[in-house]
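All remarks here apply to the structure that follows.
So you know, we letter chains A, B, ... as the sequences are listed, proteins then strands, and number each from 1.
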Amino acid sequence: LATHSLFLTMFLVFRNAVLETEVTKVGCRMPAARKTGTTIVGVVFKDGLVLGADTRATEGMIVADKNCSKIHYISPNIYCCGAGTAADTEMTTQIISSNLELHSLSTGRLPRVATANRMLKQMLFRYQGHIGAALVLGGMDCNGPHLYSIYPHGSTDKLPYVTMGSGSLAAMAVFEDRYKQDMEEEDAKRLVRDAIAAGIFNDLGSGSNIDLCVITKGRVDYLRPHDMANKKGVRTGSYKYKRGTTGVLTKTVTKLDLEVVEETIQTMDTS
Amino acid sequence: MLTELCSVPVTGMGQHVGAYGVQDTLRSGFSSVKNELLPSHALELSEKNFQLNQDKMNFSTLRNIQGLHAPLKLQMEYRAARQIQRLPFLQSSHLALDTLKGNDESISFEDILNDPAQSEMVGEPHIMVEYKLGLM
């Protein structure tokens, strides 16, 4: 049955390839994949780690989702931020979350961040970068807090602070300036909030609100939204025209004579 | 777009022949000579043989570590488990084979996409059984 499903998947690939060439001949464009054009960050502090993300999803030059959730659940102690193609990050994190759950049921232990990292990098390498998912994976396990950044081709880095996405340079500038080892929780949250804000205000691909996820031993605070940096303005006056603003000059009433041509009754099938 | 085509023609990509000995356009799409020679996606070849290559690698590692008997025994068990099936036109769950391969503890795209319960291909039961039993 595995070969059967592979056959059908390959036929869809043929069809897509043929369609791509035919569509450009006619002059249309294939629909663009929705990317998240993002700022996602993670930082390790004294007793845990903080993950942060913005909430804008773009489709080319248009904002597709003003408040999308980019911090995905992997396991009770592990969360993952995703940048790149929205569908890819969503499906990849869900598949790895399911596999990690099965694995943890099989071992009988809380899953480790290194396991999730290994599963993700092996899957992304298998697909040679065609799965456009750049991830920031962070969690707390028996060995302490761990933070990984995972690139679409399958390479990973284990670091105390990471940024990914189109706004990663703006966020990394904030980190490089103010990161210190063994920060307190409030300092770490403020640092992440400022890094995401730098990405939101300096990068067109990131925007809207700031989501935070604080993971410590035995506790996860999923703060959505942590900070609404781009609230929509409130109209200060009413701009509706009052009744009677337009003066009526003349009024003519024409009665339309409608005659019944045909009348049919169709009964409902209520049996 | 994103696809980089392999420039060397490869065998083994011929289209699935349907009934009447001709290309079944409804099920396998449009036919084109290019599709039969060149892969239409950079990952097509690698994905087609992925499971096979993984198994080869695992068996060869096992042979180097534990000796020839280990992969031999495992392959014998796989062969036995593969024979446990229902009638040809019914779907088998391949439970024994999945358990041996460790697929019962993992979820992948084959389990999410292309649900066999919603497959549109249906065989004529009598003819399929006769074919299997060699009565055709």
Side-chain angles (χ1 to χ4, degrees), chain A residues 1-24 29-33 35 84-85 87-88 90-108 111 115 118-119 122-132 152-153, chain B residues 1-5 12-13 15-16 23-32 34-36 38-54 82 85-86 90-94 97-98 101-121:
Chain A
L1 227 61
T3 49
H4 173 80
S5 61
L6 191 59
F7 249 141
L8 283 173
T9 334
M10 278 300 129
F11 294 152
L12 288 175
V13 170
F14 290 159
R15 172 186 169 276
N16 284 344
V18 169
L19 277 178
E20 264 173 47
T21 48
E22 295 301 313
V23 148
T24 43
R29 267 180 310 130
M30 293 284 278
K35 300 179 59 103
T85 313
D88 287 345
E90 188 73 41
M91 289 307 309
T92 308
T93 47
Q94 283 179 351
I95 287 179
I96 296 309
S97 167
S98 306
N99 278 327
L100 210 60
E101 173 76 13
L102 287 171
H103 188 260
S104 115
L105 285 169
S106 169
T107 57
T115 318
R118 187 64 54 153
M119 286 179 173
Q122 283 178 349
M123 177 178 171
L124 290 173
F125 183 72
R126 171 177 171 178
Y127 291 101
Q128 292 288 297
H130 287 275
I131 293 189
H153 282 264
Chain B
M1 292 207 75
L2 308 162
T3 53
E4 308 120 37
L5 298 175
M13 256 171 307
Q15 290 288 7
H16 198 215
Q23 166 84 10
D24 193 348
T25 318
L26 181 69
R27 294 215 177 91
S28 41
F30 302 112
S31 64
S32 105
K34 193 172 77 158
N35 274 344
E36 283 175 40
L38 299 172
S40 52
H41 194 273
L43 286 178
E44 181 180 343
L45 285 173
S46 120
E47 279 298 300
K48 234 185 214 169
N49 302 325
F50 186 74
Q51 203 49 50
L52 237 75
N53 288 339
Q54 282 286 82
R82 213 172 295 143
Q85 276 187 35
R86 300 178 71 188
L90 294 170
Q91 278 161 38
S92 332
S93 67
H94 299 282
L97 194 60
D98 278 350
K101 288 189 168 167
N103 289 342
D104 62 336
E105 284 186 347
S106 77
I107 293 179
S108 177
F109 290 117
E110 303 95 56
D111 303 307
I112 302 172
L113 305 169
N114 198 30
D115 184 8
Q118 301 189 2
S119 162
E120 296 129 9
M121 297 222 215

**Message:** Nearest 0.5 Å, please: how far is OG in B:Ser106 from CD1 in A:Ile96?
**Reply:** 10.0 Å
**Request:** Using a cut-off of 6.0 Å, state whether more than 12 heavy atoms not belonging to B:Arg82 lie near its atom CZ.
**Result:** yes
**Request:** Heavy-atom pairs under 4.5 Å with chain B are the metric here; pick the option from A:Ile95, A:Leu100, A:Leu105 that has the most.
**Result:** A:Ile95
**Message:** Apply side-chain contact (heavy atoms from CB on, under 4.5 Å) to residues A:Met91 and B:Ile112 and explain how you reach the verdict.
**Reply:** CA-CA 10 Å; A:Met91 289 307 309; B:Ile112 302 172; 4.3 Å; yes
**Message:** Suppose we screen for side chain to side chain contact (heavy atoms under 4.5 Å, CB included). Which residues come up paired with B:Gln85, at least two apart in sequence or across chains?
**Reply:** B:Ser92, B:His94
**Message:** Does the plane of the ring in A:Tyr127 sit parallel, tilted or perpendicular to the ring in B:Phe109? Use 30° and 60° as the thresholds.
**Reply:** perpendicular
**B:Leu43 to A:Arg126 - nearest heavy-atom pair and separation** = CD2-O, 4.0 Å
**Request:** Heavy-atom distances under 4.5 Å only: say whether A:Met119 touches chain B with side chain, backbone, both or neither.
**Result:** neither
**Prompt:** Sequence neighbours excluded, which residues qualify as side chain to side chain contact (heavy atoms under 4.5 Å, CB included) partners of A:Ser98?
**Reply:** B:Ile107
